[in-house]
2 protein chains.
Amino acid sequence: MGDPKPTIADVARAAGVSKGLVSFVFNDRPGVAPQTRARIREAAAAIGWRPSLSARSLSTRTSFALGLVVRRDPRVIAADPFFPAFIAGVEMGLTGEGRILVLSVVPDADTELRTYRRLVADSRVDGVFLTDLRYDDRRLALLAELGLPAVMIGHPDRSSAFPVVNLDDAHGVRQSVAHLVGLGHSRIAYVAGEPQMVHGRRRRDSFVDAMTGAGLHPDRVVDTDFSAAAGAAETHRLLDAASPPTAIVYASDPMAIAGMGVVHQRGLRVPADISITGFDGTDLARHVYPSLTTVVADPAAWGREAARTLLQLIAVAEAPNLELPAAELLVGASTGPPSHADRTPYPAHYKETPCVDAL
Amino acid sequence: MGDPKPTIADVARAAGVSKGLVSFVFNDRPGVAPQTRARIREAAAAIGWRPSLSARSLSTRTSFALGLVVRRDPRVIAADPFFPAFIAGVEMGLTGEGRILVLSVVPDADTELRTYRRLVADSRVDGVFLTDLRYDDRRLALLAELGLPAVMIGHPDRSSAFPVVNLDDAHGVRQSVAHLVGLGHSRIAYVAGEPQMVHGRRRRDSFVDAMTGAGLHPDRVVDTDFSAAAGAAETHRLLDAASPPTAIVYASDPMAIAGMGVVHQRGLRVPADISITGFDGTDLARHVYPSLTTVVADPAAWGREAARTLLQLIAVAEAPNLELPAAELLVGASTGPPSHADRTPYPAHYKETPCVDAL
DNA sequence: ACGGTCGGCTAAACCGGTTTAACCCACAAG
DNA sequence: CTTGTGGGTTAAACCGGTTTAGCCGACCGT
């Protein structure tokens with residue numbers, strides 16, 4: 001009954017050894033006779049002892065926790081499809097027992113940095129995930145200074161000592177452009193995400209590259225904050241232009257869906273009048289009408305591998321960079337050839353992008 | 001410099017007192033002379049000492065962390081607008097320094113219960129948030145047995161010793177029905193969420209009540225798992241019926257948006273042929289076309305108040321139940337009168353539900 | 001027979017706080 | 001002048017592990 005919870009001393013006594021030896025055994029240290037080892041394990045199992053995490057934390061200065069600090073506008077966070085899936089993936093990577101995830105959502109840069117400082121000051125985490133990397137990201141210097149292990153989700157703008165787990169999202173953007181060009185579009189707009197975010201700008205850059213590579217002018221590129229509201233507003237602006245686009249590539253599914261709403265609201269048809277593509281491959285994108293052509297990434301896998309990498313980094317002080325399968329275009333019904341008048345003069349020499357089927 | 005981080009002993013020495021007294025001061029215990037108190041605080045500030053969390057955890061058996069275990073199907077979690085906002089709100093409620101959030105995402109009931117057990121076995125958290133309460137929820141008994149403080153997000157199916165922080169979502173559902181009835185609808189369907197979840201079924205029940213209260217038959221009620229896919233599938237089924245509904249009330253925005261997709265796909269118009277309402281009040285709902293009539297709740301406020309309540313419960317072993325402002329209907333463009341043939345014989349005696357304006 | 005090495009193990013210090021028992025001293029009451 | 005009271009303070013035990021220094025005995029080579 002209400003036994004006051006066994007301690008390592010109880011196990012030691014039961015096995016007839018010293019506390020230290022019990023500790024050795026449970027930390028897989030060499031220098032313990034096999035039979036003694038077995039006897040200790042047996043005694044521990046019989047008593048039902050498990051080492052106290054708090055005590056271990058105190059003497060080893062380890063928290064057995066991983067941290068994720070998310071800096072996002074509260075308005076945007078609710079719609080973002082990335083983090084929940086990413087976190088679910090992290091959980092998978094933590095399966096090996098013992099480690100948990102500490103999550104913090106902060107509104108601005110100062111709070112973000114303060115949060116990291118607190119996390120290490122209180123040694124609440126053994127390492128962190130760096131998501132939404134920005135240009136001149138102050139976190140990189142801070143974490144290096146604090147000596148906190150970290151793994152970067154996506155490539156940073158500069159080289160850094162932290163390992164990278166990357167998922168080539170630019171590939172999906174290039175495929176989107178190729179797909180649209182193949183359909184005969186030439187006036188293609190891009191509604192980008194936050195330009196301060198490395199991945200936001202990289203996707204935009206790859207759009208620009210793909211366009212120029214196709215001999216097209218990448219004008220009609222606008223930045224947003226990833227929100228549905230911004231997506232809608234920019235869509236209005238694009239359509240108000242003297243020579244509106246015949247296709248719009250959005251940097252996220254929520255923006256694309258909001259953009260589609262604007263197009264419909266204006267009495268235009270998708271894809272007859274305007275083709276639309278998104279980014280994320282959300283479940284919802286498959287169920288709007290017309291179903292969204294979008295780029296599917298696998299944020300859960302990203303989280304899982306990031307967790308594994310971080311655990312390895314913490315364990316052996318180094319971990320290799322990891323490249324995940326690239327984001328792929330999933331062609332839906334929201335893209336089609338432009339109306340005849342808008343066709344490119346020469347039939348597209350781009351071959352149709354292969355369609356990745358949904359599961 | 002690389003000073004090995006000051007400890008309480010350093011402070012004691014600097015202030016010319018014993019370690020114990022320093023501890024007393026920093027725990028606001030009575031029985032310390034005011035001037036001594038000041039001297040100790042001064043010395044601590046000068047040295048830059050902050051008590052070690054690990055050491056405190058060990059001796060006080062407190063983790064200074066709150067836990068949230070989310071059990072959701074990975075497929076649904078990405079689309080769910082509730083948790084990110086709720087978590088952001090929790091963060092607000094934690095502002096008072098010191099406490100952090102531990103998050104765990106689990107796929108099934110067994111893992112869920114195991115996770116709670118581990119959290120207390122390792123005393124990782126001082127209390128937890130209970131979301132997505134289910135009927136005969138095994139967590140209630142488990143947590144009571146483990147003696148872990150908890151606060152329930154929404155009312156449970158049975159009485160429990162844990163405090164409740166509630167947000168009346170049923171009110172919004174009733175408003176939805178009243179709004180539709182007021183427009184002249186009588187064949188109103190309801191696409192519910194998970195029937196095992198208390199709030200899922202309560203919303204459904206309040207739909208049924210509102211319908212019978214209006215003298216209508218609440219047939220056309222279907223259960224789902226909250227996913228967009230299920231929302232779409234059930235919409236198809238409803239529309240295939242011999243006497244299809246003229247309005248559909250959905251238990252979530254993603255389902256409503258997916259349902260709207262199905263309606264459009266079938267060549268029907270919203271709201272001319274079918275009216276649609278959602279639930280959540282997501283940003284995206286305002287930007288689809290036509291803009292969704294939906295019920296807006298404030299999950300961030302919910303999280304904030306839940307956090308405060310939990311902190312109070314932990315601090316003084318009891319906390320009052322809290323009732324937040326009810327979820328309110330926000331009328332958009334997705335609802336309108338049914339086509340003439342489908343009007344209710346007697347003009348509606350329900351007055352129009354007041355429209356809550358978006359910010 | 002003897003010094004040296006090495007595997008196996010223990011005692012004790014240590015991590016950095018909290019908490020309890022006891023002590024000292026000043027002051028009030030008897 | 002004694003005794004009691006109680007505020008202010010300290011020393012030491014304690015939380016439950018990890019880690020280091022060192023001890024003991026067996027086995028080795030010469």
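Values below: all heavy atoms of this structure, side chains included; hydrogens, waters and symmetry mates excluded. To find a chain, count down the sequence lines: A is the first, B the second, and so on, and within it residues start at 1.
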Over all strands shown, is B:Ser23 touching base, sugar-phosphate only, or nothing at heavy-atom distances under 4.0 angstrom? base
Ionic contact status for B:Arg39 with B:Glu42, cut-off 4.0 Å: no
B:Ala55 vs A:Thr60, nearer the 5' end of DNA chain D by closest nucleotide: B:Ala55
Could you give the start and end, 5' to 3', of the contact zone on DNA chain D for chain A, using atoms under 4.0 Å from its heavy atoms? D:dG16 to D:dT20
Taking the basic N atoms (NZ, or NE/NH1/NH2) and the acidic carboxylate oxygens, is any pair closer than 4.0 Å for B:Arg41 and B:Asp28? yes
Mind jotting down which residue pairs meet the side chain to side chain donor-acceptor pair (under 3.5 Å) criterion with at least one end in residues 140-161 of chain A? Sequence neighbours excluded, please. A:Asp136-A:Arg158
I need the B:Ser63 OG to B:Ile314 CD1 distance, nearest 0.5 Å. 8.0 Å
Collect all protein-nucleotide pairs involving nucleotides 4-9 of chain C in which both atoms are nitrogen or oxygen and the distance is under 3.5 Å.
residue	atom	partner	partner atom	Å
C:dC9	OP1	A:Thr36	OG1	2.6
C:dC9	OP2	A:Ala33	N	2.9
C:dC9	OP2	A:Thr36	OG1	3.4

Measuring from atom CZ of A:Phe86 to atom CG of A:Leu68, what distance do you get when rounded to the nearest 0.5 angstrom? 6.0 Å
Look only at the side chain of A:Arg134 and the backbone of A:Gln196, and say whether a donor-acceptor pair between them is shorter than 3.5 Å. no
Qualifying residue for salt bridge (Lys or Arg N to Asp or Glu O under 4.0 Å) with A:Asp132, from A:Arg72, A:Arg139, A:Arg71: A:Arg72
Which distance, rounded to the nearest 0.5 Å, do you find between the CZ of B:Arg13 and the NZ of B:Lys19? 10.5 Å
